[in-house]
Amino acid sequence: MTKDLRVNADRMLASFNQLALIGATAEGGVNRPTFSEAHLAARKWFREEIERSGLEFHTDGAGNHSAILTCQPSNIQTLLLGSHLDSVPDGGRFDGALGVISALEVLRTVKENGIRLNVNLEAIDFTDEEGTLVGLLGSAAIASHLKPEMLQNPRGGRENLVAGMKRAGLSDESMLSAARPKESLAGYLELHIEQGKRLERAGINIGIVSAIVGIWSYRLSFIGRADHAGTTTMEDRLDASLGASSFTLAARELVLKEFPNCVVNVGKMDFAPGAFNIVPARVDVALEFRSPDEEEFKRLNTALLLLANTEATQFGLELKIEFLGKHSPSIMSDVVQKMYADSCEALGLTHVSLTSGAGHDGQSLADLCPTGMIFAPSVEGASHSPREFTKWEDCVNGANVLLQTALRLGM
Ligand code: GLV
Ligand code: MN
Ligand code: MN
């Protein structure tokens, strides 16, 4: 009976642990930014693991890596399951990796039990989910969201993108050729860690995602004038760092007071010329903000840009604004959410509906096919950090919900 089918938890753990060694850091996390040596090594390992599992390997123009289990001859739809093997700099072992390994484990379980679904199954590792270069790159390419201008001015810098694509044997042209027709996909399922504390606090096994927040990014440049840091009076300085820091504090206040459903982050500041004894002539600020609601997003966007202007003017600075891309908020499929809930109940697992404050490839896929995500509890909510941890039992619960939902969708 397929309802009694479970993943092989030991085999899944062995794969998870092998993967965690690739790009492992002394702090217990992994460092696998997109197209770094460690990332490419993880993808090589994934390919070998696919072949060891007797599954078919496939890669596309966007560098996405997949395991394929053909249940039916060609011309049939594919049910996609997956996540990503890239990480943020000095990230954790679970973000993305759990989704890819559990997807692979679902395929292995279906294969060894000789189940012939009405769809083919594909376990996919999407390129650059984390946004080291572009963000949701592989899934955007599949969903026809990727546009040439996104490759020309990526948030990670064009030079880094070109060098990375070269290392991976990819190009702008190949990236833009990876789109898949809507009719080819039966759905997209992903298991991910929650990256927050809601499940742990409530003592609930599984989170069923109702919507994923949107993300907008900008580079804001506050431009002043380089001067001698010892001989220039405080009054005479055009100090770019003042605009940048004052903006950061004011943006926090703005979001706290007026946009309670949103978050804002200044994740990086680059000072030029950048020396102890020179007044900063220019500070480039990496700005990102998120909202689950498109209308609120527009209002926050206007308010933040206005604020940046006000702060620049206050310190006599010039402001340069560079838009680096946006991912819209996405609603998950009702049908898939219901199937996840049914699977949880059949497995005796508690579940709750929640929104995702993190970006995920499901955002790209939601326009293309019925898409749904589940979360496993994160210990202390830690993520994008080596402290990231999910109990193995919770990972296995998530993988079993993924398996049972894939069976429901694919039967
Ligand atoms: C990806 O994990 C993101 O939310 O930035
Ligand atoms: Mn992730
Ligand atoms: Mn992440």
Side-chain angles (χ1 to χ4, degrees), residues 89 131-135 147 149-161 213-329 357 359 384:
T132 309
L133 299 171
V134 176
K147 300 286 175 279
E149 50 281 17
M150 291 159 73
L151 297 172
Q152 283 311 314
N153 192 21
R155 72 181 200 170
R158 174 74 187 164
E159 269 176 34
N160 293 333
L161 174 62
V213 291
I215 307 174
W216 289 28
S217 15
Y218 281 93
R219 185 175 302 112
L220 300 182
S221 301
F222 292 87
I223 301 166
R225 190 180 62 212
D227 269 309
H228 194 294
T231 58
T232 317
T233 63
M234 294 310 277
E235 292 79 14
D236 281 348
R237 297 175 192 221
L238 293 178
D239 182 339
S241 77
L242 300 178
S245 13
S246 171
F247 167 75
T248 305
L249 293 171
R252 172 186 155 81
E253 285 308 307
L254 172 80
V255 170
L256 280 172
K257 285 205 187 98
E258 292 177 38
F259 296 89
N261 297 318
C262 302
V263 289
V264 62
N265 191 49
V266 169
K268 195 165 177 275
M269 284 191 196
D270 290 321
F271 285 67
F276 281 78
N277 55 0
I278 310 176
V279 174
R282 174 176 177 136
V283 177
D284 291 340
V285 167
L287 171 71
E288 191 198 78
F289 48 97
R290 304 185 184 212
S291 167
D293 180 273
E294 194 69 43
E295 281 314 304
E296 197 176 37
F297 235 143
K298 289 183 190 149
R299 285 194 298 112
L300 176 58
N301 181 55
T302 309
L304 284 171
L305 297 185
L306 191 67
L307 194 62
N309 254 306
T310 310
E311 297 303 332
T313 309
Q314 187 190 167
F315 297 102
L317 307 169
E318 195 190 316
L319 178 70
K320 207 176 129 217
I321 299 172
E322 222 181 326
F323 177 59
L324 296 179
K326 73 178 227 184
H327 300 291
S328 300
H384 283 188

CA sep, side-chain torsions, deciding dist, call: Phe271, Ser241, side chain to side chain contact (heavy atoms under 4.5 Å, CB included): CA-CA 8 Å; Phe271 285 67; Ser241 77; 3.4 Å; yes
Plane angle bin for Phe323 and Trp216 - parallel if under 30°, tilted between 30 and 60°, otherwise perpendicular: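 Rings of Trp216 and Phe323: perpendicular, as their planes differ by over 60°.
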Crowding at CD, Gln152 (>12 non-hydrogen neighbours, <6.0 Å):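 Enclosed.
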Side chain to side chain contact (heavy atoms under 4.5 Å, CB included) evaluation trace for Asn265 with Val263: CA-CA 7 Å; Asn265 191 49; Val263 289; over 6 Å; no
Taking side-chain contact (heavy atoms from CB on, under 4.5 Å) as the test, write out the residues that go with [X], two or more places apart.
| X | value |
| --- | --- |
| Asn160 | Leu133 |
| Thr248 | Val266, Met269 |
| Glu258 | Leu254 |
| Ala275 | Asn277, Ile278 |

To the nearest 0.5 Å, what is the distance between [atom1] on [X] and [atom2] on [Y]?
| X | Y | atom1 | atom2 | value |
| --- | --- | --- | --- | --- |
| Leu319 | Ile223 | CG | CD1 | 7.5 Å |
| Gln314 | Ser246 | CD | OG | 5.0 Å |
| Ser221 | Glu322 | OG | CD | 6.5 Å |

Sequence-distant partners of Asp293, salt bridge (Lys or Arg N to Asp or Glu O under 4.0 Å), two or more places apart: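 Asp293 satisfies salt bridge (Lys or Arg N to Asp or Glu O under 4.0 Å) with no other residue.
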I need the minimum non-hydrogen distance between [X] and [Y], along with the two atoms involved.
| X | Y | value |
| --- | --- | --- |
| Arg155 | Gly131 | NE-O, 3.2 Å |
| His228 | Gly230 | ND1-N, 2.9 Å |
| Arg219 | Leu324 | N-CD1, 3.7 Å |
| Glu311 | Ala250 | OE2-CB, 3.8 Å |
| Ile215 | Gly359 | CD1-CA, 3.9 Å |
| Arg237 | Val279 | NH1-CG2, 3.6 Å |

Show me the side-chain donor-acceptor pairs of residues 299-306 shorter than 3.5 Å, one per line, residues at least two apart or across chains.
unit_1	atom_1	unit_2	atom_2	d
Asn301	OD1	Tyr218	OH	2.7
Thr302	OG1	Lys298	O	2.9

Val213 side chain reached by Pro292 side chain, heavy atoms, under 4.5 Å: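 They are in side-chain contact.
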Sub-4.5 Å side-chain heavy-atom contact between Pro154 and Met150: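 Not in contact.
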Pair Arg290 + Glu288, salt bridge at N-O below 4.0 Å: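 The answer is yes: the pair qualifies as a salt bridge.
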Derivation of the side chain to side chain contact (heavy atoms under 4.5 Å, CB included) call for Val264 and Leu287: CA-CA 8 Å; Val264 62; Leu287 171 71; 3.6 Å; yes
Phe315 and Asp239: CA distance, side-chain angles, deciding distance, side chain to side chain contact (heavy atoms under 4.5 Å, CB included) verdict: CA-CA 7 Å; Phe315 297 102; Asp239 182 339; over 6 Å; no
